[in-house]
Every structure is written in structure tokens, then in C-alpha cells.
Amino acid sequence: QVQLVESGGGLVQAGGSLRLSCAASGRTVSSYAMGWFRQAPGKEREFVATISWSGGNTYYADSVKGRFTISRDNPKNTVYLQMNSLKPEDTAVYYCAVTTGGVGISNYYSDYDGSYDYWGQGTQVNY
């Protein structure tokens with residue numbers, strides 16, 4: 001089992017920045033792709049960003065491309081989401097997740113939430 005705990009959310013002002021962290025425990029996640037998703041009030045959960053286990057491949061939703069950066073520190077079992085130039089529409093609960101699919105494939109990542117096996121409880125970001 002993998003437990004994921006997000007942190008770093010909060011209230012930001014126009015054009016502000018936040019850095020979200022997601023710490024994994026229970027087992028190492030260094031062999032798995034990870035992702036960030038978000039859910040705004042009254043809306044479906046949506047994909048934000050994903051990163052391969054090696055960190056060498058990333059993919060972003062068009063709505064955040066150029067503003068958000070996903071990264072990971074495998075020795076720390078942690079993934080990050082640096083969010084810059086925040087907008088009102090970025091207000092949401094942000095979730096990190098781990099997918100065990102594609103294990104061993106260095107460039108594997110996924111923007112499909114159904115492929116993720118473990119989810120955190122989320123951290124709130126308010127504009």
C-alpha cells in the first residue's frame with residue numbers, strides 16, 4: 001500500500017505562486033509514474049500534470065502549460081507541483097496520485113485518472 005499526503009496549499013493573490021508537495025510512504029514510488037489532478041467546486045476532477053518515474057518525461061494540461069511545473073525527488077519519495085501565475089480558475093482541491101502501470105518503462109506517464117491506483121486526500125488552493 002502507498003499513502004500519499006499533499007501539502008502546500010493555501011490562499012494566493014493575483015499572479016501568485018505556490019509549491020505543492022506530495023510525500024509518499026508505505027513503499028517507494030520511485031519506479032512509478034505520478035500525477036497531479038484537481039477538482040473545482042461543482043466540476044469533475046481533471047488532469048493537471050504527470051511525470052515519469054525517472055522524471056525525464058512530463059506532460060501538462062493545456063490550461064496549466066507554461067505556468068506549472070511537476071518534478072520529483074525519488075530519494076525523498078516526493079513529487080512537487082510548482083504553480084506560478086495563478087489564476088482564479090486554478091482554485092480547486094489538488095490531488096496527487098501514483099500509477100503502477102508502466103512500471104519499468106522509463107518514459108511512461110498518464111493523464112487518465114482511471115490508470116492511477118493510489119490517491120492522496122488533497123490540498124486546497126484558493127485564489
Side-chain angles (χ1 to χ4, degrees):
Q1 290 292 329
V2 176
Q3 292 80 44
L4 301 172
V5 178
E6 301 95 337
S7 61
L11 181 66
V12 294
Q13 296 182 341
S17 298
L18 280 176
R19 188 194 196 201
L20 306 184
S21 298
C22 173
S25 62
R27 63 190 289 189
T28 180
V29 296
S30 60
S31 298
Y32 305 130
M34 298 185 71
W36 285 95
F37 292 78
R38 67 186 181 186
Q39 187 167 20
K43 294 189 176 181
E44 301 268 325
R45 184 170 60 194
E46 65 175 1
F47 165 73
V48 175
T50 180
I51 188 167
S52 61
W53 71 260
S54 67
N57 298 89
T58 58
Y59 181 69
Y60 298 90
D62 287 343
S63 59
V64 306
K65 200 173 296 182
R67 299 188 297 122
F68 291 11
T69 302
I70 187 171
S71 62
R72 65 190 299 163
D73 186 333
N74 283 339
K76 293 185 177 179
N77 234 21
T78 300
V79 66
Y80 304 97
L81 186 68
Q82 177 67 44
M83 306 188 297
N84 298 328
S85 303
L86 283 160
K87 302 176 180 180
E89 53 264 41
D90 295 320
T91 293
V93 177
Y94 284 72
Y95 300 91
C96 72
V98 173
T99 172
T100 59
V103 63
I105 302 174
S106 63
N107 60 350
Y108 175 83
Y109 55 68
S110 175
D111 62 354
Y112 172 51
D113 61 356
S115 66
Y116 285 82
D117 306 285
Y118 302 99
W119 293 81
Q121 293 299 306
T123 185
Q124 179 74 49
V125 172
N126 287 312
Y127 180 89

Visitor: Could you tell me whether the side chain of S30 and the main chain of T28 form a donor-acceptor pair under 3.5 Å?
Guide: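 No; zero donor-acceptor contacts below 3.5 Å.
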Visitor: Can you tell me how far apart CD (Q39) and CD (E46) are? Round to the nearest 0.5 Å.
Guide: 9.5 Å
Visitor: Look up atom OG in S63 and atom CD in E89, then write down how far apart they are to the nearest 0.5 Å.
Guide: 8.5 Å
Visitor: Which atoms form the tightest heavy-atom contact between Y60 and F47, and what is the distance?
Guide: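 That would be C-CE2, 3.7 Å.
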Visitor: Please name the pair of heavy atoms, one in W36 and one in S21, separated by the smallest distance, quoted to 0.1 Å.
Guide: CH2-O, 3.8 Å
Visitor: If we ignore hydrogens and angles and just use 3.5 Å, is the side chain of D73 paired with the main-chain N or O of T78 as donor and acceptor?
Guide: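 Absent.
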Visitor: Checking Y118 against Y32 for the ring pair (Phe, Tyr, Trp, His ring centres under 6.0 Å) test, could you report, in this order, the C-alpha distance in whole Å, the side-chain angles of both residues, the deciding distance, and whether it holds?
Guide: CA-CA 11 Å; Y118 302 99; Y32 305 130; 7.9 Å; no
Visitor: If Ile, Leu, Val, Met, Phe, Trp and Tyr residues are connected whenever their side-chain heavy atoms lie under 4.5 Å apart, and connections chain through other members, are I51 and F37 in the same group?
Guide: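 In one cluster: no.
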Visitor: Consider only side-chain N and O atoms of N84 and S17, and report whether a donor and an acceptor are under 3.5 Å apart.
Guide: yes
Visitor: Would you compute the distance between atom CG of N74 and atom OG of S31 and round it to the nearest 0.5 angstrom?
Guide: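 The distance works out to 8.0 Å.
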Visitor: When you measure from the side chain of S52 to the backbone of N57, do you find a donor-acceptor pair of N or O atoms at a distance under 3.5 Å?
Guide: yes
Visitor: Is it the case that over 12 heavy atoms from other parts of the model lie below 6.0 angstrom from the CH2 atom of W53?
Guide: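 Check fails, neighbour count at 12 or below.
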Visitor: Side-chain contact, heavy-atom cut-off 4.5 Å: L4 with Y95?
Guide: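 Side-chain contact under 4.5 Å: no.
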Visitor: Decide whether I105 and M34 are clustered together by the hydrophobic rule: side chain heavy atoms of Ile, Leu, Val, Met, Phe, Trp, Tyr closer than 4.5 Å, transitively.
Guide: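 No, no single cluster joins them.
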Visitor: I need the minimum non-hydrogen distance between A33 and Y116, along with the two atoms involved.
Guide: O-CE2, 4.4 Å
Visitor: Which heavy atom of A49 sits nearest a heavy atom of L81, and at what distance?
Guide: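 Looks like CB-CD1, 4.2 Å.
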Visitor: Within this structure, what is the CH2-OG1 distance for the pair W119 and T99, rounded to the nearest 0.5 Å?
Guide: 10.0 Å
Visitor: Rounded at 0.5 Å granularity, tell me how far SG in C96 sits from CZ in R72.
Guide: 10.5 Å
Visitor: Looking at D90 and K87, does any basic side-chain N land under 4.0 Å from a carboxylate oxygen?
Guide: no
Visitor: Is there a path of hydrophobic side-chain contacts, each under 4.5 Å between heavy atoms of I, L, V, M, F, W or Y residues, that connects V5 with V2?
Guide: no
Visitor: Can you tell me how far apart OG1 (T100) and CZ (R27) are? Round to the nearest 0.5 Å.
Guide: 7.5 Å
Visitor: Which atom names give the shortest non-hydrogen contact between V48 and Y94, and what distance separates them?
Guide: CG2-CE2, 4.3 Å
Visitor: Strictly distance-based, threshold 3.5 Å: is any side-chain N or O of T50 a donor or acceptor partner for the main-chain N or O of S110?
Guide: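 Checking the backbone N and O of S110 against the side chain of T50, a donor-acceptor pair under 3.5 Å is found.
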Visitor: Determine yes or no for a side-chain-to-main-chain donor-acceptor pair under 3.5 angstrom, with N77 supplying the side chain and V29 the backbone.
Guide: yes
Visitor: Honestly curious: do V12 and V93 fall in one hydrophobic cluster under the side-chain, below-4.5 Å linking rule?
Guide: no
Visitor: Please indicate whether K43 has more than 12 foreign heavy atoms, meaning atoms of other residues, nucleotides or ligands, lying under 6.0 Å from its NZ.
Guide: no
Visitor: Counting only heavy atoms from other residues, nucleotides and ligands, does the tally under 6.0 Å from CD of Q3 exceed 12?
Guide: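 Buried by this count: over 12 neighbours within 6.0 Å.
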Visitor: Is a donor on one side and an acceptor on the other found under 3.5 Å between the side chain of T91 and the backbone of Y127?
Guide: yes
Visitor: Within a strict 4.5 Å, meaning less than it, do heavy atoms of the F68 and L86 side chains meet?
Guide: yes
Visitor: Less than 4.5 Å apart, side chain to side chain, heavy atoms only: is that true for L20 and V125?
Guide: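 With C-beta onward as the side chain, the pair touches.
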Visitor: Within the side chain of R67, is there an N or O that forms a donor-acceptor pair under 3.5 Å with the backbone of S85?
Guide: yes
Visitor: Can you see which heavy atom on S54 is nearest to which on S106, and at what distance?
Guide: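 Shortest heavy-atom separation between S54 and S106 comes out as OG-O, 3.3 Å.
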Visitor: Is a side-chain donor or acceptor of E6 paired with a backbone partner of G122 at a separation under 3.5 angstrom?
Guide: yes
